[in-house]
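In what follows, a single structure is set out as structure tokens and then discussed.
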Amino acid sequence: MYRALRASVRAALHLYCGRIRVDRDTAPPADTLVLLASDHPNSFFDALVIATHLPYRMRFLARGDAFRDPRAARILRSLFMIPIYRMSEGRAELKRTAESFDLAHAQLEQGGSVLVFAEGLSVNAPGLRPLGKGTARIAYRAWQNTDLAVQVLPVWLRYDTFHRPFMDVALATGVPMHAEGSATAPEAAFLKDFNLELRKRLIATSERVDDSIRPEDRSRIVVKVLLLVPALVGWILHAPWYFALRRFTAKRTKGSVFFDSVLFGLLFLTYPLWLLVLMGLCAWAGLCLWSLGIFVLAPLLLAALRGFSLR
């Protein structure tokens, strides 16, 4: 299930986004126990990008208030999420954080990886905010277990825009952190030193991401000319579906950071239904042969629209 879901989400992301640039030269092999520590600029969307473009089978910590509805909690847990709670959500819920850390540690013990958003809160803005203590606490416990060779891998995500179609995404991994006896220090001192070192490595990774982005060459003009007609047809076929969901999402997520997460989820879940609508319209118009190929043709035209829109 994990592999099938990962492959389908990855394919959908490459239609939803523009370019997705990935630099994972510093990432350990796929069979390594890894605690990934990432910045958090775009809510749940960050986890989708990381989980589909790095080679680890992972679970990730997500804000606990999203789990309050029992139905939502079942769905989120089935999508490999672990709730994490903050002091602002009340002491009663904060006590459940210990259970979340237990689940994260169990994932590492079972040979899986864990993704933590080191800042805690998500903000639709570039730059690194103050780090929470969650990543450090999980690392402290993992490194105390000498049987677990866990590496902490800094991860940096950068978006060229938010709330705009076909945004460019850059993902890079930093230099991993190892135990090296640091878990023998008192916990309070460890948490402080760990966050200082993690912050340095995240900033260094962000600078590498910025340096790797270069303007595209003029050959893009030729590509745009070739894709003009199929891109226009792709826009006509998908605009009613896309903009209806976009308006709905904008209203529902106003004032929050969940726009891309919700919009992508709705598009991902409803696209097969939209293809059925297009198929029915073609059949109604007497274009029976076209209706049979709509499940292949429409995604190709959408890909042409994406290619034409690349900046």
Side-chain angles (χ1 to χ4, degrees), residues 22-41 46-47 49-62 80 82 84 97-98 100-122 126-158 170-212:
V22 180
D23 175 359
R24 62 183 194 189
D25 290 346
T26 60
D31 59 352
T32 307
L33 287 182
V34 174
L35 175 61
L36 301 101
S38 174
D39 65 325
H40 201 15
D46 298 334
V49 175
I50 293 171
T52 54
H53 289 83
L54 292 181
Y56 311 107
R57 185 182 180 91
M58 68 185 72
R59 298 182 72 181
F60 60 94
L61 273 64
F80 311 100
I82 300 173
I84 189 73
T97 297
S100 300
F101 287 151
D102 288 343
L103 288 173
H105 190 71
Q107 172 77 356
L108 294 170
E109 287 184 322
Q110 294 164 11
S113 295
V114 176
L115 168 61
V116 184
F117 294 106
E119 298 162 306
L121 293 174
S122 177
L128 182 63
R129 282 157 289 283
L131 303 184
K133 296 180 180 178
T135 313
R137 287 198 169 105
I138 296 173
Y140 184 72
R141 180 172 173 181
W143 284 350
Q144 284 181 319
N145 184 344
T146 56
D147 293 332
L148 290 179
V150 177
Q151 298 184 36
V152 177
L153 181 65
V155 178
W156 189 262
L157 275 171
R158 178 188 182 277
L171 183 157
T173 59
V175 178
M177 298 169 62
H178 303 267
E180 298 176 351
S182 56
T184 60
E187 184 175 6
F190 172 87
L191 298 181
K192 180 180 178 181
D193 293 342
F194 178 94
N195 273 358
L196 287 173
E197 182 61 28
L198 176 59
R199 185 174 187 86
K200 285 197 301 185
R201 299 194 187 205
L202 282 169
I203 290 174
T205 309
S206 73
E207 292 171 349
R208 203 171 82 246
V209 168
D210 292 338
D211 289 343
S212 69

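Numbers here simply count residues along the sequence, with the first being 1. No hydrogens, no waters, no symmetry mates; every other heavy atom, side chains included, goes into these values.
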Within the distance-only criterion (no hydrogens, no angle test), does the side chain of E119 pair as donor or acceptor with the backbone N or O of R129 below 3.5 angstrom? yes
With the side chain counted from C-beta on, respond yes when L61 and V114 share a heavy-atom pair under 4.5 Å apart, and no when they do not. yes
Here the gap from D39 atom CG to T205 atom OG1, rounded to the nearest 0.5 Å, amounts to 9.5 Å
L202 side, atom CG; R199 side, atom CZ - distance, nearest 0.5 Å: 8.5 Å
Enumerate donor-acceptor pairs with a distance under 3.5 Å from any side-chain N or O in residues 49-59 to protein atoms, sequence neighbours excluded.
{"unit_1": "T52", "atom_1": "OG1", "unit_2": "L48", "atom_2": "O", "d": "2.6"}
{"unit_1": "T52", "atom_1": "OG1", "unit_2": "V49", "atom_2": "O", "d": "3.3"}
{"unit_1": "H53", "atom_1": "ND1", "unit_2": "V49", "atom_2": "O", "d": "3.0"}
{"unit_1": "H53", "atom_1": "NE2", "unit_2": "H14", "atom_2": "NE2", "d": "2.9"}
{"unit_1": "Y56", "atom_1": "OH", "unit_2": "P28", "atom_2": "O", "d": "2.5"}

Expected output: side-chain W156 to main-chain V209 donor-acceptor under 3.5 Å: no
The reported gap from CG in L191 to CG in L131 (rounded to nearest 0.5 angstrom) is 12.0 Å
Rounded to the nearest 0.5 Å, what's the gap from CD on E187 to NZ on K192? Could you check? 15.0 Å
dist S113:OG -> Q107:CD (nearest 0.5 Å) comes out at 7.5 Å
So, for P41 and S122, which heavy atoms are closest and what is the spacing to 0.1 Å? C-OG, 3.6 Å
What I'd like to find out is whether the side chain of L153 reaches to under 4.5 Å of the side chain of T32, using heavy atoms alone. no
Test log, rule side chain to side chain contact (heavy atoms under 4.5 Å, CB included), inputs D46 and F60: CA-CA 11 Å; D46 298 334; F60 60 94; over 6 Å; no
Would V116 and L35 count as a side chain to side chain contact (heavy atoms under 4.5 Å, CB included) if you check the C-alpha gap in whole Å, the side-chain angles of each, and the deciding distance to 0.1 Å? CA-CA 7 Å; V116 184; L35 175 61; 3.6 Å; yes
Which atoms form the tightest heavy-atom contact between G112 and L33, and what is the distance? O-CD2, 3.6 Å
Is there a donor-acceptor contact under 3.5 Å from the side chain of R201 to the main chain of V175? yes
On a heavy-atom basis, which atom in S38 and which in L157 lie closest, and how many Å separate them? OG-CD1, 4.4 Å
For the residue pair H40 and F117, does the interplanar ring angle fall in the parallel (under 30°), tilted (30 to 60°) or perpendicular (over 60°) class? parallel
Nearest heavy-atom neighbours spanning T135 and A118: OG1-CA, 3.6 Å
Indicate the atoms forming the closest heavy-atom contact of A47 with L115, along with that distance. CA-CD2, 4.0 Å
Is there a donor-acceptor pair under 3.5 Å between the side chain of N195 and the backbone N or O of G132? yes
Quick one: closest heavy-atom pair of A136 and F190, and the distance? O-CE2, 3.3 Å
CZ-CE distance between F194 and M177, expressed to the nearest 0.5 angstrom: 4.0 Å
For residues 101-112, which residue pairs qualify under salt bridge (Lys or Arg N to Asp or Glu O under 4.0 Å), counting only residues two or more places apart or in two chains? D102-R141
